[in-house]
Enquirer: 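Following this message is one structure expressed as structure tokens.
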Amino acid sequence: MGDFIHTQFWEMILRVIFSFFVLLILTRILGKKQLSQLTFFHYITGITLGSIAAQIASQAQTNFLDAFIALVWWGVLTYIMTIVTIKSTKTRVLIDGKPTIVVQNGLILESALKKNRLHMDELTMMLREQAIFSVQDVQYALLEPNGKLSVLQKTSEQVATKQDVKASVSPPTYLPTEVVSDGQLIYENLVELELTEDWLIKMLKKQNIQSVEDVYFAQVQTNGSLYISLKDKARHSSP
């Protein structure tokens with residue numbers, strides 16, 4: 001009996017050590033996103049990996065090899081999906097979702113709240129967490145894929161800087177919106193902003209950029225200007 005308990009003890013110790021280091025290796029491989037940056041998919045994936053590792057460590061009746069294969073394979077699938085979402089915008093939207101406007105020009109979009117199963121008490125709480133106590137002070141509010149709320153306050157309510165002494169209090173012309181991601185044009189965003197592809201090409205040519213494919217990220221700013229970040233290879237090859 002004593003030998004049996006002794007064997008069980010050392011088996012448990014080995015299971016804990018093995019599970020610990022396998023989980024450590026997997027988390028290092030899968031990335032360094034902070035908890036606040038995790039989407040729901042990555043959050044659930046992390047919980048599942050932890051649950052499998054915990055079962056390996058604590059459940060002696062669990063077949064060690066089967067559980068090990070399950071843990072590693074789950075990590076591999078997560079890694080593959082991470083790579084796919086980096087490479088494919090459509091897959092990223094499908095897996096992680098995309099930001100949703102819930103307040104536009106100071107007006108609450110009820111349909112957007114219902115679609116995201118968000119009620120007004122939650123919305124006002126999320127605004128208060130950003131020290132905004134009145135919805136009428138909000139120009140735009142977006143619900144991000146990770147569940148956080150991003151807010152652009154009305155110009156008259158924004159904190160002033162030294163450069164803002166003579167700033168206008170007129171509302172912004174545009175909500176800052178990405179129109180190019182990883183060399184791909186986002187047509188639906190251009191349409192929402194009532195802009196055209198020709199406009200975008202002209203704005204790029206003004207900065208001596210001949211192709212959308214050279215652009216890693218481009219975002220229309222509130223005043224109608226275009227913020228551009230080139231791909232590394234395009235940046236290094238530019239004069």
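Residue numbers start at 1 and run along the sequence shown. Just so we're clear, the structure is a prediction, and the values are computed from it rather than from any experiment.
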Enquirer: What residues form a side-chain hydrogen bond (donor to acceptor under 3.5 Å, both in side chains) with Gln139, not counting sequence neighbours?
Expert: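 Result, side-chain hydrogen bond (donor to acceptor under 3.5 Å, both in side chains) vs Gln139: Asn105.
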
Enquirer: Find out if a path of hydrophobic residues (ILVMFWY) with successive side-chain heavy-atom gaps under 4.5 Å connects Leu113 to Met126.
Expert: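 Linked, Leu113 and Met126 end up in one cluster.
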
Enquirer: Could you tell me whether the side chain of Leu230 reaches within less than 4.5 Å of the side chain of Tyr216, counting heavy atoms only?
Expert: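 No, their side chains stay 4.5 Å or more apart.
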
Enquirer: With Lys205, which residues qualify under salt bridge (Lys or Arg N to Asp or Glu O under 4.0 Å), at least two apart?
Expert: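 Checked Lys205 against salt bridge (Lys or Arg N to Asp or Glu O under 4.0 Å); zero matches.
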
Enquirer: Check whether any side-chain heavy atom of Leu195 sits under 4.5 Å from a side-chain heavy atom of Leu200, and report yes or no.
Expert: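 Heavy-atom side-chain distance check fails, nothing below 4.5 Å.
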
Enquirer: Can you list everything that forms a side-chain hydrogen bond (donor to acceptor under 3.5 Å, both in side chains) with Glu110? Sequence neighbours excluded, please.
Expert: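 Checked Glu110 against side-chain hydrogen bond (donor to acceptor under 3.5 Å, both in side chains); matches are Lys114.
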
Enquirer: Does some side-chain heavy atom of Val151 sit less than 4.5 Å from a side-chain heavy atom of Val103?
Expert: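 Heavy-atom side-chain distance check fails, nothing below 4.5 Å.
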
Enquirer: Can you list the residues that meet the side chain to side chain contact (heavy atoms under 4.5 Å, CB included) rule with Glu192, with sequence neighbours excluded?
Expert: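 Only Asn189 meet the side chain to side chain contact (heavy atoms under 4.5 Å, CB included) criterion with Glu192.
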
Enquirer: Please report the C-alpha distance between Leu204 and Asp214 in whole Å, then the side-chain angles of each, then the deciding distance to 0.1 Å, and finally whether the side chain to side chain contact (heavy atoms under 4.5 Å, CB included) criterion is met.
Expert: CA-CA 10 Å; Leu204 293 177; Asp214 293 333; over 6 Å; no

Enquirer: Can you name the side-chain hydrogen bond (donor to acceptor under 3.5 Å, both in side chains) partners of Thr222, sequence neighbours left out?
Expert: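 None.
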
Enquirer: How far does CE of Met125 sit from CG of Leu118, to the nearest 0.5 angstrom?
Expert: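 Here the interatomic distance stands at 8.5 Å.
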
Enquirer: Can you list everything that forms a side chain to side chain contact (heavy atoms under 4.5 Å, CB included) with Ser111? Sequence neighbours excluded, please.
Expert: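 Expected list: none.
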
Enquirer: Run the side chain to side chain contact (heavy atoms under 4.5 Å, CB included) check on Thr173 and Gln221 step by step: do they pass?
Expert: CA-CA 9 Å; Thr173 305; Gln221 303 300 292; over 6 Å; no

Enquirer: So if you build clusters from Ile, Leu, Val, Met, Phe, Trp, Tyr with side-chain heavy-atom gaps below 4.5 Å, do Val72 and Ile80 land together?
Expert: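 Hydrophobic grouping puts Val72 with Ile80.
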
Enquirer: By side-chain hydrogen bond (donor to acceptor under 3.5 Å, both in side chains), which residues pair with Glu144, not counting sequence neighbours?
Expert: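 Residues passing side-chain hydrogen bond (donor to acceptor under 3.5 Å, both in side chains) with Glu144: Ser150.
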
Enquirer: Output all residues satisfying side chain to side chain contact (heavy atoms under 4.5 Å, CB included) with Asp121, sequence neighbours left out; order by chain, then residue number.
Expert: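 Side chain to side chain contact (heavy atoms under 4.5 Å, CB included) list for Asp121, sorted by chain: His119.
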
Enquirer: OG of Ser225 to CD of Gln219: how many Å apart, nearest 0.5 Å?
Expert: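 Separation between the atoms: 9.5 Å.
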
Enquirer: Who pairs with Glu194 by salt bridge (Lys or Arg N to Asp or Glu O under 4.0 Å), at least two apart in sequence or on another chain?
Expert: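 Here no residue qualifies.
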
Enquirer: Determine whether more than 12 heavy atoms belonging to other residues, nucleotides or ligands lie under 6.0 Å from atom CD of Glu122.
Expert: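 Above 12, so yes.
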
Enquirer: At what distance, to the nearest 0.5 angstrom, does CG of Leu149 lie from CD of Glu129?
Expert: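 One gets 9.0 Å once the value is rounded to the nearest 0.5 Å.
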
Enquirer: As a quick check of understanding, evaluate side chain to side chain contact (heavy atoms under 4.5 Å, CB included) for Leu190 and Thr177, giving each step before the final call.
Expert: CA-CA 9 Å; Leu190 280 175; Thr177 305; over 6 Å; no

Enquirer: Please report the interatomic distance CD(Glu178) to CG(Leu185), rounded to the nearest 0.5 Å.
Expert: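 Separation between the atoms: 11.0 Å.
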
Enquirer: Answer with yes or no whether the hydrophobic clustering places Val102 together with Val135; edges join I, L, V, M, F, W, Y residues whose side-chain heavy atoms lie under 4.5 Å apart.
Expert: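 They do share one cluster, since a chain of ILVMFWY contacts under 4.5 Å joins Val102 to Val135.
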
Enquirer: Answer yes or no: is there a side-chain heavy-atom contact under 4.5 Å between Leu226 and Val179?
Expert: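 Yes, side chains in contact.
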
Enquirer: Apart from Tyr140 itself, which Ile, Leu, Val, Met, Phe, Trp or Tyr residues share its cluster (side-chain heavy atoms under 4.5 Å, direct or through members)?
Expert: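 Members alongside Tyr140: Ile101, Leu109, Leu142, Leu152, Leu175.
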
Enquirer: Who are the side chain to side chain contact (heavy atoms under 4.5 Å, CB included) partners of Thr196, not counting sequence neighbours?
Expert: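 Testing Thr196 for side chain to side chain contact (heavy atoms under 4.5 Å, CB included), a comparison that skips the adjacent residues, returns Asp198, Trp199.
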
Enquirer: Could you tell me whether the side chain of Thr100 reaches within less than 4.5 Å of the side chain of Lys115, counting heavy atoms only?
Expert: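 Side chain of Lys115 against side chain of Thr100, heavy atoms only: no contact under 4.5 Å found.
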
Enquirer: Would you call Ile201 and Val212 a side-chain contact if the rule is heavy atoms closer than 4.5 Å?
Expert: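 In contact.
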
Enquirer: Calculate, to the nearest 0.5 Å, the distance between atoms CE and CD1 belonging to Met203 and Ile209 respectively.
Expert: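 Answer for the CE-CD1 pair, Met203 versus Ile209, is 10.5 Å.
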
